[in-house]
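Structure first, commentary second.
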There are 2 protein chains.
Amino acid sequence: MSAATGTPLSEQSILSTLDDAGDTAGATAVRLMMAAADAFSDKGFHATTTRDIASRAGLSPAGVYVHFTSKEDLLFELSRRGHQRARDLLVAAAEKSDSPTEALRSIIGGFSKWHAEHHQLGRIVQYEFRHLTPEHREAVLNLRREIDKVVRGVLTEGVERGEFEVDDVHATALALLSMAVDVARWYSPEIRRTPDDIARTNGDLAVRLVARR
Amino acid sequence: MSAATGTPLSEQSILSTLDDAGDTAGATAVRLMMAAADAFSDKGFHATTTRDIASRAGLSPAGVYVHFTSKEDLLFELSRRGHQRARDLLVAAAEKSDSPTEALRSIIGGFSKWHAEHHQLGRIVQYEFRHLTPEHREAVLNLRREIDKVVRGVLTEGVERGEFEVDDVHATALALLSMAVDVARWYSPEIRRTPDDIARTNGDLAVRLVARR
DNA sequence: GTCTATAAGGAGATAGAC
DNA sequence: GTCTATCTCCTTATAGAC
């Protein structure tokens, strides 16, 4: 449907993330969030001006403040919705898998794929985190802890069921998340590998890293 | 020696990176670079003001421009010296190892340790990269390509010698570098694991990811 | 090489009309 | 809800004395 209207793919996918986040946001607010995501991921939070965001969204500089209380508020909404979506993805992948091995392949592959397809949002989530206010940082940190917990849970269950051999669950979970999260840093739509390729190779590597031999 | 004079550890290690980079820099220039590294890693390039840097180095705002032509020039010097140091470390570790297995353990362990001990510089190198001018970005990119090449070289040799089993050398090299580079993002001096612990666990995980079974 | 003073140009955010 | 106009503050960088 969106494809028929000519909406670029990047806007489609970012829109689905911003739109499905549970609570409602007006069409103009969504347009502003997309404009901000574009600008923040390209130039960074502080190098982006509110004039930048407003003009990308087809509004005057003052128009931003009807929908968001500040530039930081806009960053927080992007960060919160991005984290929520990522967490929901992981939880769903872990729940619908039959074995720890398949769960691990699915969550690390899926998380890697998400960071490729949404590398703009992924970069904002990772790199602009420190520009949130302390309160907003704390809110986002809680979502991050849930994500870490899902990965550690799968590793622990795999060890208990005898499918995995893991020396240090905490360190291994971090290394696995690093593999997936870092995709947002190096991915570009121009490269040879597709998001699905990345999902496959990173999923396989994850299993290989912990599988019993 | 520095310890006897009361220089904090973080300054010692960053100084060694900035100082040993081949070409000379005056004492005031080094002081400015340390101040900038502190500020950039804490608040990011654009959120840091030249007044910030100058006052941390005990100079007036104008004092910066005697030693560096611009704020971006300061960032470039930090980035260039950080990359050079990291590359030299990897090349040395790869060369002095007897087998691909030991080389891989050494370069990924060593690189991870460097990103823990120098997490300030590591963050600047990774997160502030986009704020360099196109020319400076290109110069730094050349150093990065050398780093990638060292890792791929070790993997290829390990496969040829029958020590490693690797499906996709390119993808595996990226995953290994992600593991090490991402340490700069999550490391903090307050955590339980020391840089040496991180070197050990990440070195072991790297070998496990590719070892023939 | 370092300072004080200042130029020149944004920045985020608000007021008030429509 | 959107606009134009503007306030107030702060930015990088330079000029010129010492």
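Being a predicted model, the structure only gives us computed values, none of them experimental. Just so you know, these numbers use all the heavy atoms, side chains as well, and skip hydrogens, waters and symmetry mates. Each chain gets a letter, A, B and so on, in the order the sequences are listed, and its residues count up from 1.
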*Once you round it to whole Å, what is the distance between P of D:dC10 and NZ of B:K43?*
13 Å
*Rounding to a whole Å, what distance do you find between B:Y65:OH and D:dT11:P?*
11 Å
_Closer than 4.0 angstrom, basic N to acidic O: yes or no for A:R145 and A:D148?_
no
*Identify, between A:T28 and B:S70, the residue whose nearest nucleotide on DNA chain D lies closer to the 5' end.*
A:T28
*asked:* Do B:D167 and B:T172 make a side-chain contact, defined as non-hydrogen atoms from C-beta onward lying under 4.5 Å apart?
replied: no
*NA contact type, A:S60, heavy-atom cut-off 4.0 Å: base, sugar-phosphate, or nothing?*
base
*Cation-pi between A:R123 and A:F40: NZ/CZ under 6.0 Å from ring centre and within 45° of the ring axis?*
no
*Which word best sums up how the rings of A:W114 and A:H118 line up, parallel for under 30°, tilted for 30 to 60°, or perpendicular for over 60°?*
parallel
_First and last nucleotide of DNA chain C, 5' to 3', lying under 4.0 Å from heavy atoms of chain B_ = C:dG1 to C:dT6
*Just call it for A:T48: base, sugar-phosphate, or nothing, with non-hydrogen atoms closer than 4.0 Å on any strand.*
sugar-phosphate
*Find which nucleotide of DNA chain C each of B:R51 and A:F45 is nearest to by heavy atoms, and output the residue with the more 5' nucleotide.*
B:R51
_Distance, rounded to the nearest Å, where B:K71 contributes NZ and D:dA13 contributes P_ = 8 Å
*Atom CG of B:L74 and atom P of D:dA13: how far apart are they, to the nearest Å?*
10 Å
*Out of B:W186, B:Y127, B:Y187, which residue meets the ring pair (Phe, Tyr, Trp, His ring centres under 6.0 Å) rule with B:H119?*
B:Y187
*Taking all non-hydrogen atoms of both residues, which atom of B:I107 and which atom of B:A94 are closest, and how far apart?*
CG2-N, 3.8 Å
